[in-house]
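Notes follow the structure.
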Amino acid sequence: MSIAVATGLYGVSFGALGVAAGLGVWQTMALSLLMFTGGSQFAFIGVVAGGGAGPAAFGAATLLGVRNAVYAMQLNAMLRPRGWRRLVAAQLTIDESAATAAGQIDPDEQRRGFWAAGLGIFILWNVFTLAGAVLGDALGDPRRWGLDGAAVAAFLGLLWPRLRQREPVALAVVCAMVTLLAMPWVPSGIPILLAALVAALWGWFSRGPADEGLEPDIEPGRRATGQEPRRCR
């Protein structure tokens with residue numbers, strides 16, 4: 001819930017910036033309700049505020065939204081939602097809900113983390129987006145309140161406990177370097193995609209930590225006696 005509050009509060013900044021970019025209150029709300037991925041939403045209104053056309057804004061938002069597809073593949077294998085929950089889970093798959101779920105070990109806690117973070121952020125993000133859009137000019141520059149750093153701080157807080165072994169730390173450093181080196185040379189949104197590609201290739205070609213040091217699958221009965229274990233019906 002602390003993640004939901006911190007991230008939801010960041011929605012005030014988006015609501016105010018959306019109206020400042022020339023969108024109406026309900027247009028701003030539609031982005032939060034339907035798109036619901038903060039980075040893509042800010043990319044969209046950033047292009048609009050700069051005088052860009054709708055297709056350009058949609059393209060920038062789509063580039064940043066690709067990361068959610070990567071999260072979705074992991075979460076689908078982890079949570080295995082069925083029926084209508086699958087559609088709802090797709091809408092709630094964002095940075096924070098994915099990180100909260102991945103930060104748990106027990107399967108029940110993974111599901112609880114995903115749904116609690118996802119639903120909590122969805123509700124509060126839209127409530128605070130509406131507040132920011134309605135208040136608009138009364139807030140002034142949203143950045144002076146420090147709201148532009150709330151989501152970043154929340155995600156770092158989720159990421160930090162994952163960096164317990166050398167491989168995740170090394171991967172984080174390499175991806176950060178790729179992002180920093182690419183920023184001056186490619187359009188906005190591309191550096192994070194390049195970092196995600198590096199992480200995906202790393203995971204594809206490296207041996208997973210769960211597979212390291214494991215012995216062949218030998219049943220306890222066979223290991224102790226050298227014979228087939230007695231099975232119960």
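Everything quoted here is computed from the prediction, not taken from an experiment. Side chains included, hydrogens not; waters and symmetry mates left out as well; all remaining heavy atoms used. Numbers here are sequence positions counted from 1.
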Using the ring of each side chain (for Trp, its six-membered ring), is F42 parallel, tilted or perpendicular to F14, with breaks at 30° and 60°? perpendicular

Point-to-point distance, once rounded to the nearest 0.5 Å, from CG of L92 to OG1 of T37: 12.0 Å

Restricting to non-hydrogen atoms, name the atom on A102 and the atom on Q74 that form the minimum distance, rounded to 0.1 Å. CB-NE2, 4.1 Å

For A4 versus G120, what's the shortest heavy-atom pair and its separation? CB-C, 3.6 Å

If you round to the nearest 0.5 Å, how far is CZ of R111 from CD of Q104? 12.0 Å

Same cluster (ILVMFWY, side-chain, under 4.5 Å), I121 and M35: yes

Given I45, which of L23, V19, T28 fulfils the side-chain contact (heavy atoms from CB on, under 4.5 Å) condition? L23

Minimum heavy-atom separation for A195 and C175, please, with both atom names. O-SG, 3.4 Å

Is the distance between the ring centroids of F36 and F122 under 6.0 Å? yes

Ignoring hydrogens, what is the shortest heavy-atom contact between A117 and S97? Give both atom names and the distance. CB-CA, 4.0 Å

Out of curiosity, R67 CZ to I94 CD1, how far, rounded to the nearest 0.5 Å? 9.0 Å

Looking at every non-hydrogen atom in both residues, tell me the closest pair between F128 and G8 and how far apart they are. CB-O, 3.1 Å

Which of T100, L119, L75 passes side-chain contact (heavy atoms from CB on, under 4.5 Å) with F114? It is L75

Reported OG1-to-CE distance for the pair T129 and M29, which is rounded to 0.5 angstrom: 6.0 Å

Could you list who else is in L180's hydrophobic cluster, with ILVMFWY side chains joined at under 4.5 Å, directly or through other members? M183

Give a yes-or-no answer on whether the side chains of T7 and W125 include a donor-acceptor pair shorter than 3.5 Å. no

CD on Q110 to CE on M78, rounded to 0.5 Å: 4.5 Å

The reported gap from CG in L17 to CD in Q41 (rounded to nearest 0.5 angstrom) is 11.5 Å

Judged by modelled atom types alone, do T93 and N68 share a side-chain donor-acceptor pair under 3.5 Å? no

